Structures are given as C-alpha cells and as structure tokens.
There are 2 protein chains.
Amino acid sequence: MSITADLIRGHTDTIILAHLLHGNSYGYQINKAIQDKTAGQYELKEATLYTAFRRLEAAGYIYSYWGDEMTGARRRYYSITPTGREAYFRMRAEWEEAKTTIEKLLEDNDHGR
Amino acid sequence: MSITADLIRGHTDTIILAHLLHGNSYGYQINKAIQDKTAGQYELKEATLYTAFRRLEAAGYIYSYWGDEMTGARRRYYSITPTGREAYFRMRAEWEEAKTTIEKLLEDNDHGR
DNA sequence: CAAAGATACCTTGACAGGCGAGGTATCTTG
DNA sequence: CAAGATACCTCGCCTGTCAAGGTATCTTTG
C-alpha cells in the first residue's frame with residue numbers, strides 16, 4: 001500500500017477492466033489478483049472496489065450476475081462488455097499520453113540557465 | 001487540456017515544486033511555463049494552482065513574498081524551501097514507483113490461458 | 001480617450017473518487 | 001465453538017479539482 005491514493009486515482013476503473021479482459025471474475029478475486037501482481041504493494045480498498053463496480057456497470061462497461069456456487073459465500077461475477085473493451089483501450093492510450101506529459105512536467109530540467 | 005484531471009491528480013504539487021527548483025517564480029508565470037512545456041496539452045486551472053500554493057506553503061515546502069514591481073500588476077513570488085526540495089525528490093521517487101505499479105496493473109497480459 | 005485584452009491575483013461552492021468504519025452471511029480449521 | 005478466511009455491501013467523511021465569479025493594473029487599438 002506504499003503507493004499513495006492520489007497517484008492511483010483515476011486508474012481504478014482501468015485496472016478492473018484490465019482484469020476482466022481475460023475472463024469473468026468476482027470482487028474478492030480481482031482484489032487478490034491485484035495484490036499478487038504488485039507483491040502486496042498495492043491493494044484496492046473494498047469500498048473503492050465496489051464503488052467502481054457500480055460506476056462501471058452504470059457506464060455499461062461491465063455487467064454482473066450472481067454465481068451459482070453450491071458451497072461457500074455467494075459471489076457476484078462481473079463480465080466486460082464490448083463497450084468496456086473499447087473503454088479499456090482508450091483509457092490505456094490516455095494513460096500513455098498522461099505519462100509522457102507528467103514525465104515532462106516533473107523533470108528537474110535546468111536548460112538555459 | 002486533453003489530459004484528464006484524475007490522471008494528473010496528485011501531481012500538481014510536484015509539478016509546482018519542480019518549477020521552483022531552478023528559481024523563484026510567480027503563479028501566472030508558472031502556469032504559462034507548464035502550458036509551454038506541454039505545448040498547450042495541459043494547463044493547471046487557476047483555482048487549482050492557488051489552492052496548491054496555499055497547501056504547499058502550509059506544509060512548509062514553499063514560502064511567498066510580494067514582488068516590488070514598479071509597473072504592471074503586483075506579483076506574489078514563491079520560493080522553494082530545503083524541506084520542499086526534499087519533498088520534491090521524495091515525490092518523484094514515489095511517482096517512479098507508482099508508474100511501475102500502474103503499468104503492471106494496466107497490462108493486458110494473457111499469461112497462462 | 002474609451003474599450004478590449006493581457007497580465008496578475010484571489011475566493012466560494014459544488015463535485016467526484018477514495019476509503020475508514022461498520023455491517024452481513026457462509027465455510028473451514030484448530 | 002471460536003477464529004479466521006471468504007465474500008458481499010453501505011454510509012459518511014476527506015481531499016483535490018475546477019467552474020464561476022471577482023479585483024486591479026497596464027497595453028494596444030480603433
């Protein structure tokens with residue numbers, strides 16, 4: 001969790017969409033996957049996660065359905081829509097752009113003095 | 001301004017500090033410099049800028065003083081403090097880390113399926 | 001010289017996303 | 001059976017961004 005909230009802000013949606021690209025999943029698993037991927041360096045807070053699901057579903061980027069688990073706690077599965085896929089690629093492109101811009105602005109450049 | 005606010009969020013302070021590294025400056029000029037650097041792709045909104053100045057000053061990262069212009073509108077100059085310098089380098093390091101993390105999480109990786 | 005535009009500062013209030021804190025229910029393990 | 005993991009959820013606060021509005025001075029232009 002060493003990464004501050006404001007730096008990750010705005011990426012939550014894209015991160016979730018990225019995980020749904022290869023197949024349907026449910027909240028708890030997505031969160032686990034993220035922790036694994038970043039070696040515990042970052043975790044979506046549950047409240048953040050579920051807020052994001054609502055937002056993404058309202059936007060038509062994902063849809064959800066209850067799993068038919070015979071055992072264990074019930075799970076709500078999420079699936080990415082074609083629109084969601086498009087959104088993902090658009091958001092990634094935006095990130096690439098933003099990255100360059102931020103990089104430029106954070107530089108400690110001393111040119112001309 | 002093609003870059004969305006949420007992606008830049010949290011970088012405002014670092015951007016300002018970066019600009020003050022090479023010398024004192026005032027709000028209007030800093031904003032102009034940012035627009036030039038990004039070829040108009042991004043501009044800090046004034047309200048954001050001045051909020052940030054207050055925040056940075058309260059944190060002891062910068063201090064301000066009124067310029068003694070004999071002509072033109074009055075200018076409030078800002079100067080970075082040693083603590084501010086430290087903060088800048090720390091924030092840059094955080095950005096480097098965050099970047100890697102975000103990159104990892106946004107990947108469209110299909111490994112293992 | 002008046003109007004328009006640039007320079008330069010500032011505040012208020014709304015909004016959105018993140019998240020701490022709290023809650024529910026089920027299954028597994030010691 | 002208690003503890004911990006799995007799995008879901010909501011409420012209300014906090015913080016950073018920014019649209020909209022304001023002030024004052026100087027320069028340019030018709």
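The structure displayed is predicted, hence computed values, not measured ones. Residue numbers begin at 1 in each chain, while the letters A, B, ... track the order of the sequences.
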Tell me yes or no: between the side chains of A:Arg90 and A:Tyr88, is some donor less than 3.5 Å from an acceptor?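 The answer is no; no qualifying pair exists.
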For residues A:Gln41 and A:Gln35, is any side-chain donor paired with an opposing acceptor at under 3.5 Å?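 Looking only at side-chain atoms, A:Gln35 and A:Gln41 do not form any donor-acceptor pair under 3.5 Å.
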So, is B:Thr51 close to the D:dT17 phosphate, meaning a side-chain N or O under 4.0 Å from OP1 or OP2?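 For B:Thr51, the contact criterion (side-chain N or O under 4.0 Å from OP1 or OP2 of D:dT17) is not met.
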Do any side-chain nitrogens or oxygens of B:Arg55 fall under 4.0 Å of OP1 or OP2 in D:dT17?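 Yes.
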Closest-nucleotide ordering on DNA chain D, the 5'-leading residue of A:Trp66 and B:Asp13: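 So the residue in question is A:Trp66.
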Starting from the 5' end of DNA chain D, give me the residue, A:Phe53 or B:Leu44, whose nearest nucleotide shows up first.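 On the 5' side of the pair lies A:Phe53.
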Ignoring the backbone of [X], work out which of [options] is nearest its side chain.
{"X": "B:Tyr28", "options": "D:dT17, D:dT6, C:dA8", "answer": "C:dA8"}
{"X": "A:Ala47", "options": "C:dA21, C:dA8, C:dC9", "answer": "C:dA21"}
{"X": "A:Ala73", "options": "C:dA8, D:dA19, C:dA25", "answer": "C:dA25"}
{"X": "A:Tyr26", "options": "D:dT17, D:dC8, C:dG18", "answer": "D:dC8"}

Describe the nucleic acid contact of [X] in one word from base, sugar-phosphate, nothing, applying a heavy-atom distance below 4.0 Å.
{"X": "A:Thr12", "value": "sugar-phosphate"}
{"X": "B:Arg9", "value": "base"}
{"X": "B:Arg76", "value": "sugar-phosphate"}
{"X": "B:Glu46", "value": "base"}

Would you say that B:Leu20 contacts B:Ile30 through its side chain, given a criterion of any heavy-atom pair below 4.5 Å between the two side chains?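 Touching, per the 4.5 Å side-chain cut-off.
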B:Leu105 side, atom CG; A:Trp95 side, atom CH2 - distance, nearest 0.5 Å: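 Answer for the CG-CH2 pair, B:Leu105 versus A:Trp95, is 10.5 Å.
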